[in-house]
Amino acid sequence: HYRGYISRTCCDLFWGEVQQASHPQEVKPVLVTPKYYLIHVQRYGMFFIAVLNREVTPLLVTEFLHRVVDVFRDYFNEVSEESIKENFITVYQLMDEMMDNG
C-alpha cells in the first residue's frame, strides 16, 4: 500500500495473527482474507509484507520481498526501522523502480 491503492487497515488482520501467535515465527507466510492475500517475510527482526488483491504465486512474492530487503541492505548498509524511516524517499523510489520498472 505504499501508493495508497489498498487501505492500510488490511494490515490489522496481519497484526491480529502476530498477536495470536506464541512467537512471530509461527505466523503463516501466506494469509488469505476475504479481500486480500498477505504474504510476508521476517528479516532483521521486522516483517516485510506484500498485500495482494488477486492470487499470485507465493514463491514469486516471497523472493521479491527477500530481494527488496537485500537491496535495502546494499543501499543503507543495515536494515532497521530507523534506516528505513531516515531514507524514506530512497525506499519509495527503490520500491517504485523494483515493482514497476525493474
Side-chain angles (χ1 to χ4, degrees):
H1 60 72
Y2 85 106
R3 285 191 162 179
Y5 295 144
I6 297 175
S7 171
R8 290 177 186 240
T9 59
C10 66
C11 292
D12 294 341
L13 301 167
F14 177 77
W15 289 118
E17 290 290 324
V18 172
Q19 290 174 346
Q20 288 179 4
S22 303
H23 301 286
Q25 295 83 1
E26 292 179 0
V27 179
K28 295 177 186 177
V30 179
L31 300 173
V32 179
T33 71
K35 288 179 131 179
Y36 305 112
Y37 296 90
L38 303 160
I39 300 174
H40 81 278
V41 297
Q42 185 181 11
R43 291 186 54 191
Y44 300 105
M46 295 183 293
F47 290 103
F48 295 87
I49 306 168
V51 181
L52 305 131
N53 58 6
R54 61 181 167 223
E55 192 171 340
V56 177
T57 306
L59 276 177
L60 177 72
V61 178
T62 302
E63 178 64 22
F64 175 77
L65 289 173
H66 280 292
R67 287 183 185 209
V68 166
V69 176
D70 291 342
V71 168
F72 289 170
R73 186 194 60 227
D74 292 344
Y75 267 78
F76 311 133
N77 295 323
E78 69 169 339
V79 179
S80 65
E81 185 176 348
E82 186 176 318
S83 68
I84 291 172
K85 285 180 181 178
E86 287 176 359
N87 298 288
F88 177 76
I89 293 171
T90 304
V91 166
Y92 187 92
Q93 291 172 338
L94 288 168
M95 293 292 295
D96 188 51
E97 186 66 28
M98 291 178 75
M99 289 177 62
D100 292 337
N101 303 317

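These numbers were taken from a predicted model, which means no experiment stands behind them.
Rounding to the nearest 0.5 Å places OH of Y75 at 11.5 Å from CG of N87. Atoms CZ and CD, from F14 and Q19 in turn, are 11.0 Å apart once rounded to the nearest 0.5 Å. Here CE of M99 is found 5.5 Å from CZ of F64. Values are rounded to the nearest 0.5 Å. Annotation: the span from H66 atom NE2 to L59 atom CG amounts to 9.5 Å, rounded to 0.5 Å. W15 contributes atom CH2, which lies 14.0 Å from atom CD of Q20 (distance to the nearest 0.5 angstrom).
When all heavy atoms of L60 and V56 are compared, the closest pair comes out as CD2-CG1, 4.1 Å. Nearest heavy-atom pair across L13 and T33 is CD1-CG2, 3.4 Å. The shortest heavy-atom contact between V91 and I84 is CG2-O, 4.0 Å. Here the shortest heavy-atom pairing between E81 and M46 reads N-SD, 3.4 Å. Heavy-atom minimum distance, L38 versus C10: CD1-O, 4.0 Å. The minimum heavy-atom distance linking H40 with K28 is given by the pair CE1-O, 3.0 Å.
Look at R73 and D70 and you find a salt bridge, because one of the NZ, NE, NH1 or NH2 atoms lies within 4.0 Å of a carboxylate O, short of that distance.
V61 is not listed as a side-chain neighbour of Y37, based on a closest heavy-atom distance of 4.5 Å or more. In this structure, the side chains of E17 and L31 come closer than 4.5 Å at one or more pairs of heavy atoms. Contact check for F47 versus V18: side-chain heavy atoms found under the 4.5 Å cut-off.
With a 6.0 Å radius and a threshold of 12 heavy atoms from other residues, nucleotides or ligands, E82 has its CD atom at or below the threshold.
Note: F48 and F72 have tilted aromatic rings, judged against thresholds of 30 and 60 degrees for the angle between ring planes.
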